[in-house]
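To start, the structure under review is shown below, and the notes come after it.
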Amino acid sequence: MRDEHRKPRTRRELREAEAARARARRTRGTKKRAVPAAARGRRRRYPRPGKGPILRWLPSWKLVLGTLAFVAALGLGAFALAYALLQVPEPDDFARAETSTVTYADGTTPLGSFSEFDRQIVSLADLPEHVGHAVVASEDRRFYTNPGIDVRGIVRAMWNNIQGKPLQGASTLTQQYVERYYVGTTKSIPGKAKEAILALKIDRQQSKEEILENYLNTIYFGRGAYGIQVAAEHYFGKDAADLTISESALLAGVIPAPSVWDPRVSPDRAEERWARVLDLMVEDGWITAEERAAQTFPETLDYQPTNALRGPEGYLVDMVKKEVMERADITEDELNTRGLTIISTIDAERQQAAVDAVQSLPEDRPENNTVGLASMDPATGALQAVYAGPDFLNHPRNAVTQDRAQAGSTFKVWTLITALSEGYSLYDTFPSATDMTIEGFDRPVRNYDRVNRGYINLVRSTQDSVNTPYAQLNVELGPERTMKTAVAAGIPEDTPGLEPVPSNVLGPASLRPIDQLRAYGTIASGGERHEPYIVAEIHDDAGRTIYTAESSGTRVFASDVIADATYAMQEVTRSGTAHYVGEHLGRPAAGKTGSSNDYKSAWFAGFTPQLVTVVDMYQVGPNGEEEELTGFGGIRTIAGGTYPTQIWTHYMKAALEGTEVLEFPEPTGKRATKHPSPKPTRTETPSPTPSETESPEPSEEPSEDSGEDSSERPSGPEPSESPKPSPSPSGPPPDANQPSKPGGSAAPGGGRGSGTGGSGQGGRGPGG
């Protein structure tokens with residue numbers, strides 16, 4: 001036993017022992033192990049016996065096919081589950097966004113627009129058939145037969161991409177529609193899978209016509225145009241309903257890369273794409289070969305991007321936007337996306353007349369000279385024209401709705417209306433001496449021209465804009481009543497400088513032109529106050545009216561009071577400080593010039609029975625400070641009777657051309673009762689009383705401290721030393737308490753500006 005188990009010691013024994021161990025290892029490698037029967041069929045032996053050196057390590061074809069079948073079944077199951085669970089979402093905000101359009105009052109002439117995307121929705125039924133056929137031929141030739149996805153296209157694109165050829169997409173027209181209308185742009189595999197599933201579902205839920213219509217209304221054609229309608233406008237200046245076969249082919253051809261294939265960018269490439277579309281339309285049977293041969297490459301517009309807020313009209317569009325949001329309960333987002341049609345009150349011809357009137361000023365007008373003009377129908381409050389600046393993009397501050405200026409003598413009409421409402425007559429008289437000490441003023445009140453006209457009535461005081469009679473009247477009435485009348489007419493109560501102090505009659509309150517327009521509109525309407533508005537109607541994308549402006553007014557003054565006040569204001573335009581109107585307008589008009597101290601501003605507010613308009617002019621320094629108006633165009637001193645009155649007249653003449661000439665209501669002819677004219681002393685040869693100091697007929701002038709004589713006035717003929725009386729053009733006959741009116745022409749003057757103005761008690765406030 002010891003011999004059998006002893007360890008080998010000799011070299012031979014060691015070799016034999018090693019060989020025995022090797023035989024034993026080989027034997028163990030080929031010996032089958034005992035394996036459970038259930039597991040024998042599942043296990044694979046690698047390397048596989050009896051196979052070559054490579055195949056012995058590869059799976060069998062049975063295993064490969066089984067694995068592929070399993071994966072396919074799993075994929076189909078996942079697809080079926082996703083198809084069942086995935087719901088068609090609501091259209092994307094982008095798909096529903098549509099441009100809202102603003103028109104002039106005629107409802108058709110474009111004024112501006114609001115949009116996130118420039119799009120106008122059109123119906124496929126309103127388009128020529130060749131529009132859709134061109135797009136289908138170019139983008140998805142099997143559109144009418146595929147189920148929403150194109151398997152052949154997918155395989156072809158994959159094979160091209162594998163071969164290293166230019167990358168191709170395989171999205172059908174339906175898939176493109178889904179991407180733009182529902183899910184947005186996506187590049188990921190899960191996103192593309194979702195897009196394909198939705199395309200299959202939508203193809204079953206929607207008709208091909210509905211899919212094509214939505215596609216045409218959402219696809220981007222370049223030139224800022226989303227949808228076929230805006231594309232037709234930007235490329236050819238026409239509606240999509242009028243597109244020709246050739247034009248349709250061009251638009252369809254640029255869809256894949258509109259920024260590159262636009263004819264203005266790459267005309268040769270654009271023509272290649274155009275020809276390709278036409279050839280495909282022939283192949284697919286949409287047009288005949290003869291029709292193809294007759295086509296020529298279409299000419300396109302030299303398109304330039306536009307901005308709805310550029311130029312003078314930009315202020316109008318901005319005013320429309322604010323009013324829609326404030327009064328129509330429409331948000332900015334809705335305004336930009338709902339496809340509304342907003343009909344403004346602006347008359348296109350009158351708006352152009354306003355722009356022309358301002359732009360016709362002399363060329364040497366200072367750059368910082370600013371003009372505002374606003375015009376309104378006094379019977380409704382509908383704005384007819386607004387000039388608020390030359391270009392909203394460069395200077396967005398609105399000269400009509402934002403800027404303010406001292407009212408100057410335009411404010412005297414509220415004291416006049418207060419007096420007439422309290423029983424005064426137009427022919428009540430007051431002394432008109434200059435440098436007059438008047439209760440409530442901390443220094444003597446001076447007339448702007450320093451002229452003493454003796455006792456004059458309220459007509460003459462208004463006509464020549466004399467300060468001292470109105471200062472006396474305001475103290476007598478109570479300045480709080482003048483303020484109350486102004487507020488009732490439409491001047492906001494919180495207007496800077498509007499205080500119940502005696503000097504408020506001289507106009508230190510700083511008004512916006514829109515406020516002055518509202519208030520003077522109350523006079524023009526016969527005593528009814530109307531709120532100015534610029535939006536007449538709003539229609540939704542289906543054409544339904546969803547907003548109509550309120551145009552009813554509120555009576556605040558008696559009609560007979562306004563008739564008398566209007567008569568006095570007519571004298572301003574006939575032979576007073578705004579006589580330029582009477583000389584050039586050719587129809588009855590009434591109004592008032594006004595001015596601020598030191599000629600820092602000038603304006604004229606006036607009206608005919610059917611139209612009220614205010615014009616102001618002012619000048620702003622480099623740091624926003626008020627500056628004295630710099631003379632230009634040969635006029636040294638800019639006052640209300642110069643350029644503001646001229647602009648007003650030129651605009652009104654054009655705006656009223658072709659309209660009926662209307663007369664104002666007759667004044668009451670009420671005799672003076674409060675302050676009758678003093679009786680002359682009985683002598684053999686009585687002299688007229690009152691008498692005027694020999695002085696040139698005044699030109700309305702903002703500052704009483706100016707010592708300029710009439711030869712230095714801005715414009716107008718040199719008057720005689722004493723004007724010759726002549727009968728008044730209309731109104732009651734003169735008697736002892738109703739002096740006749742002068743017929744001479746006063747030199748123009750007066751004005752209004754952008755001063756902030758304080759209430760002030762001094763007697764040397766704004767005149768004229």
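When a residue number appears, it is its place in the shown sequence, counting from 1.
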Quick one, Met483 and Glu493 - any side-chain contact, counting heavy atoms below 4.5 Å? yes
Hydrogens and angles aside, do Thr577 and Ser465 bring a side-chain donor and acceptor to less than 3.5 Å of each other? no
Charged N to carboxylate O below 4.0 Å: is that the case for Asp318 and Lys321? no
The residue among Leu416, Val466, Asp564 that forms side-chain contact (heavy atoms from CB on, under 4.5 Å) with Leu458 is Leu416
Exactly one candidate in Ile647, Thr573, Thr410 meets side-chain contact (heavy atoms from CB on, under 4.5 Å) with Phe604; the answer is Thr573
Can you find a pair of side-chain heavy atoms, one from Tyr470 and one from Thr462, that are under 4.5 Å apart? yes
Main-chain N/O of Glu499 paired to Asn504 side chain as donor or acceptor, under 3.5 Å: yes
Under the side-chain contact (heavy atoms from CB on, under 4.5 Å) criterion, do Val451 and Thr434 qualify, and how do the steps go? CA-CA 6 Å; Val451 172; Thr434 189; over 6 Å; no
Can a side-chain donor-acceptor contact be found between Asn467 and Lys412 if the only test is distance below 3.5 angstrom? yes
With no hydrogens and no angle check, is any side-chain donor or acceptor of Thr642 less than 3.5 Å from a backbone partner on Ile638? no
Check whether any side-chain N or O of Tyr104 sits under 3.5 Å from a backbone N or O of Gln351 as a donor-acceptor pair, and report yes or no. no
Identify the residue among Thr613, Leu517, Ile523 that makes a side-chain contact (heavy atoms from CB on, under 4.5 Å) with Phe607. Ile523
